[in-house]
Undergrad: 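Let me give you the structure first, and then I'll get to my questions.
Since the model is a prediction, treat every value here as computed from it, not as a measurement. No hydrogens, no waters, no symmetry mates; every other heavy atom, side chains included, goes into these values.
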Amino acid sequence: ARKQEKYSPFWDLDSLSTAILRHHFTMKRWMALDVGSKVIGIALSDPLKMTARPLTTISRRELQRDAAEVLALAESNNVARIILGRPTYLSGQESTSLSFIEPLMEALRESWDGELDWADERLSSKEAEELMGELGIKPSERRKKRDQFAAALILQWYLEETPHAR
């Protein structure tokens with residue numbers, strides 16, 4: 001009679017469970033930024049990169065400090081890719097607000113080894129307002145959260161357009 005092998009990966013459930021948990025907790029998220037002249041709205045994906053949620057809004061101060069604050073959030077949330085909303089008019093022409101967004105992209109690029117990308121942000125603030133209204137968020141709260149909800153919409157649209165990158 002032939003002797004059966006003692007080890008099979010299917011028999012070692014403890015190791016399999018540990019491997020699954022390790023993979024789950026090391027999966028990287030993506031972060032989106034809705035950059036304004038006064039604030040930056042920030043959103044995060046789930047680890048599977050299927051959904052986006054608003055995270056926070058930070059006040060803009062000085063370029064390097066803004067970049068450091070974004071990168072600290074990226075580090076603490078296990079982020080692999082940061083997506084910045086790129087404002088364009090409905091005509092397709094680039095917005096003049098790129099003058100304060102592009103320097104932030106460059107500062108992030110100089111300080112971070114992760115991936116950076118642009119995403120179309122057309123109508124994200126308008127849709128964020130509508131979404132918050134549907135969710136029953138009070139108008140006074142909407143002003144405070146508009147940019148992080150806009151970032152979440154930018155990220156959700158990006159996730160839907162980039163399924164192969166998960």
Side-chain angles (χ1 to χ4, degrees), residues 9 12 14-89 92-128 131-132 144-166:
D12 191 359
D14 286 338
S15 294
L16 181 61
S17 297
T18 302
I20 290 169
L21 286 172
R22 187 177 300 120
H23 176 72
H24 175 73
F25 287 110
T26 59
M27 291 180 72
K28 300 282 189 172
R29 298 172 184 266
W30 289 352
M31 174 187 278
L33 309 179
D34 180 42
V35 182
S37 61
K38 297 180 182 172
V39 297
I40 301 171
I42 301 175
L44 278 179
S45 74
D46 67 293
L48 297 175
K49 297 170 201 70
M50 296 178 73
T51 61
R53 68 175 175 84
L55 179 64
T56 191
T57 302
I58 60 173
S59 296
R60 295 206 65 183
R61 293 179 183 93
E62 180 268 324
L63 181 62
Q64 294 306 319
R65 190 170 174 181
D66 295 345
E69 199 166 347
V70 167
L71 293 176
L73 285 168
E75 180 71 26
S76 66
N77 286 286
N78 204 24
V79 170
R81 181 180 296 181
I82 299 174
I83 298 101
L84 280 79
R86 187 174 189 91
T88 54
Y89 297 113
Q93 182 181 0
E94 291 185 339
S95 169
T96 56
S97 50
L98 274 172
S99 64
F100 55 81
I101 300 171
E102 287 178 328
L104 179 61
M105 172 69 103
E106 285 307 310
L108 293 171
R109 186 172 282 127
E110 290 171 6
S111 305
W112 193 50
D113 293 333
E115 299 173 36
L116 291 163
D117 202 1
W118 292 104
D120 188 355
E121 70 160 29
R122 276 182 274 197
L123 302 176
S124 61
S125 294
K126 182 180 184 326
E127 289 199 29
L131 177 61
M132 288 186 289
K144 297 175 193 171
K145 297 182 177 194
R146 177 179 42 233
D147 297 289
Q148 60 186 277
F149 269 77
L153 286 170
I154 293 165
L155 182 53
Q156 189 63 50
W157 297 336
Y158 186 89
L159 293 170
E160 291 167 3
E161 293 172 4
T162 318
H164 63 279
R166 290 188 184 135

Undergrad: Tell me every residue that passes side-chain contact (heavy atoms from CB on, under 4.5 Å) with R109, counting only those two or more places apart in sequence or in another chain.
TA: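 Partners of R109 by the side-chain contact (heavy atoms from CB on, under 4.5 Å) criterion, ordered by chain and then number, come out as M105, E106, L116.
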
Undergrad: Do M50 and L159 have side chains that approach each other closer than 4.5 Å (heavy atoms only, starting at C-beta)?
TA: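 Not touching, per the 4.5 Å side-chain cut-off.
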
Undergrad: Does E62 have any side-chain contact (heavy atoms from CB on, under 4.5 Å) partners at least two apart in sequence or in another chain, and if so, which?
TA: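 For E62 the side-chain contact (heavy atoms from CB on, under 4.5 Å) partners, ignoring immediate neighbours, are Q64, R65.
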
Undergrad: Would T57 and K145 count as a side chain to side chain contact (heavy atoms under 4.5 Å, CB included) if you check the C-alpha gap in whole Å, the side-chain angles of each, and the deciding distance to 0.1 Å?
TA: CA-CA 7 Å; T57 302; K145 297 182 177 194; 5.8 Å; no

Undergrad: Going through the checks in order, is the side chain to side chain contact (heavy atoms under 4.5 Å, CB included) test met by I42 and D147?
TA: CA-CA 7 Å; I42 301 175; D147 297 289; over 6 Å; no

Undergrad: Just how far is it from atom CZ of R81 to atom CE of M31, taken to the nearest 0.5 Å?
TA: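 Atom-to-atom, R81:CZ and M31:CE are 14.0 Å apart.
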
Undergrad: Can you list everything that forms a salt bridge (Lys or Arg N to Asp or Glu O under 4.0 Å) with E102? Sequence neighbours excluded, please.
TA: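 Testing E102 for salt bridge (Lys or Arg N to Asp or Glu O under 4.0 Å), a comparison that skips the adjacent residues, returns R86.
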
Undergrad: What residues form a side-chain contact (heavy atoms from CB on, under 4.5 Å) with E69, not counting sequence neighbours?
TA: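 Expected list: I58, R61.
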
Undergrad: Which heavy atom of D120 sits nearest to which heavy atom of T88, and what is that distance?
TA: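 D120 and T88 have their closest heavy atoms at OD1-OG1, 3.6 Å.
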
Undergrad: Please identify each residue that fulfils side-chain contact (heavy atoms from CB on, under 4.5 Å) with N77, with sequence neighbours left out.
TA: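 In terms of side-chain contact (heavy atoms from CB on, under 4.5 Å), with neighbours along the sequence ignored, N77 is linked to L44, L55, L73, V79.
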
Undergrad: Which salt bridge (Lys or Arg N to Asp or Glu O under 4.0 Å) pairs, counting each pair once, include a residue from residues 36-46, with sequence neighbours left out?
TA: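 Applying salt bridge (Lys or Arg N to Asp or Glu O under 4.0 Å) to every pair that reaches into residues 36-46, excluding sequence neighbours, yields nothing.
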
Undergrad: Shortest non-hydrogen contact from S45 to L155?
TA: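 For S45 versus L155, the nearest heavy atoms are N-CD2, 3.3 Å.
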
Undergrad: What residues, two or more places apart in sequence or in another chain, satisfy side chain to side chain donor-acceptor pair (under 3.5 Å) together with R53?
TA: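 By the side chain to side chain donor-acceptor pair (under 3.5 Å) rule, R53 matches no residue at all.
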
Undergrad: Mind checking the CG-CD1 spacing from L98 to I101? Nearest 0.5 Å is all I need.
TA: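 If I round to the nearest 0.5 Å, the distance is 5.5 Å.
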
Undergrad: Looking only at heavy atoms, which two atoms of A80 and K28 are closest? And how far apart?
TA: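 Taking every non-hydrogen atom into account, CB-CB, 3.3 Å.
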
Undergrad: Before you tell me yes or no, could you show the steps for W157 and E121 under side chain to side chain contact (heavy atoms under 4.5 Å, CB included), namely the whole-Å CA-CA distance, both residues' side-chain angles and the distance that decides it to 0.1 Å?
TA: CA-CA 9 Å; W157 297 336; E121 70 160 29; 5.7 Å; no

Undergrad: Find out whether I82 and L71 are in side-chain contact, i.e. whether some heavy atom of one side chain is under 4.5 Å from a heavy atom of the other.
TA: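 SC-SC contact between I82 and L71 confirmed.
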
Undergrad: Taking C-beta and beyond as the side chain, do V70 and E75 meet within less than 4.5 Å on heavy atoms?
TA: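 No; the side chains remain at least 4.5 Å from each other.
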
Undergrad: Side-chain contact test, heavy atoms from C-beta onward, threshold under 4.5 Å: evaluate it for E115 versus W30 and give yes or no.
TA: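 Not in contact.
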
Undergrad: Taking all non-hydrogen atoms of both residues into account, name the closest pair between A32 and A151 and its distance.
TA: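 The pair with the smallest heavy-atom distance is CB-O, 3.5 Å.
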
Undergrad: Closest approach of Q148 and A43, non-hydrogen atoms and distance?
TA: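 Residues Q148 and A43, closest heavy atoms: O-CB, 4.1 Å.
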
Undergrad: Measure the spacing between NZ of K144 and CZ of F149 and express it to the nearest 0.5 Å.
TA: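 Separation between the atoms: 13.5 Å.
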
Undergrad: Within the structure provided, determine whether D34 and I40 are in side-chain contact (heavy-atom separation under 4.5 Å).
TA: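 Answer no - side chains too far apart.
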
Undergrad: Identify the heavy atoms of W118 and Y158 that sit nearest to each other, and give their distance.
TA: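 Smallest interatomic distance, heavy atoms only, reads O-CE1, 3.9 Å.
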
Undergrad: For S97, which residues count as a side chain to side chain donor-acceptor pair (under 3.5 Å) partner, sequence neighbours excluded?
TA: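 Once residues adjacent in sequence are excluded, the partners of S97 under the side chain to side chain donor-acceptor pair (under 3.5 Å) criterion are S95.
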
Undergrad: Would L33 and I83 count as a side chain to side chain contact (heavy atoms under 4.5 Å, CB included) if you check the C-alpha gap in whole Å, the side-chain angles of each, and the deciding distance to 0.1 Å?
TA: CA-CA 6 Å; L33 309 179; I83 298 101; over 6 Å; no

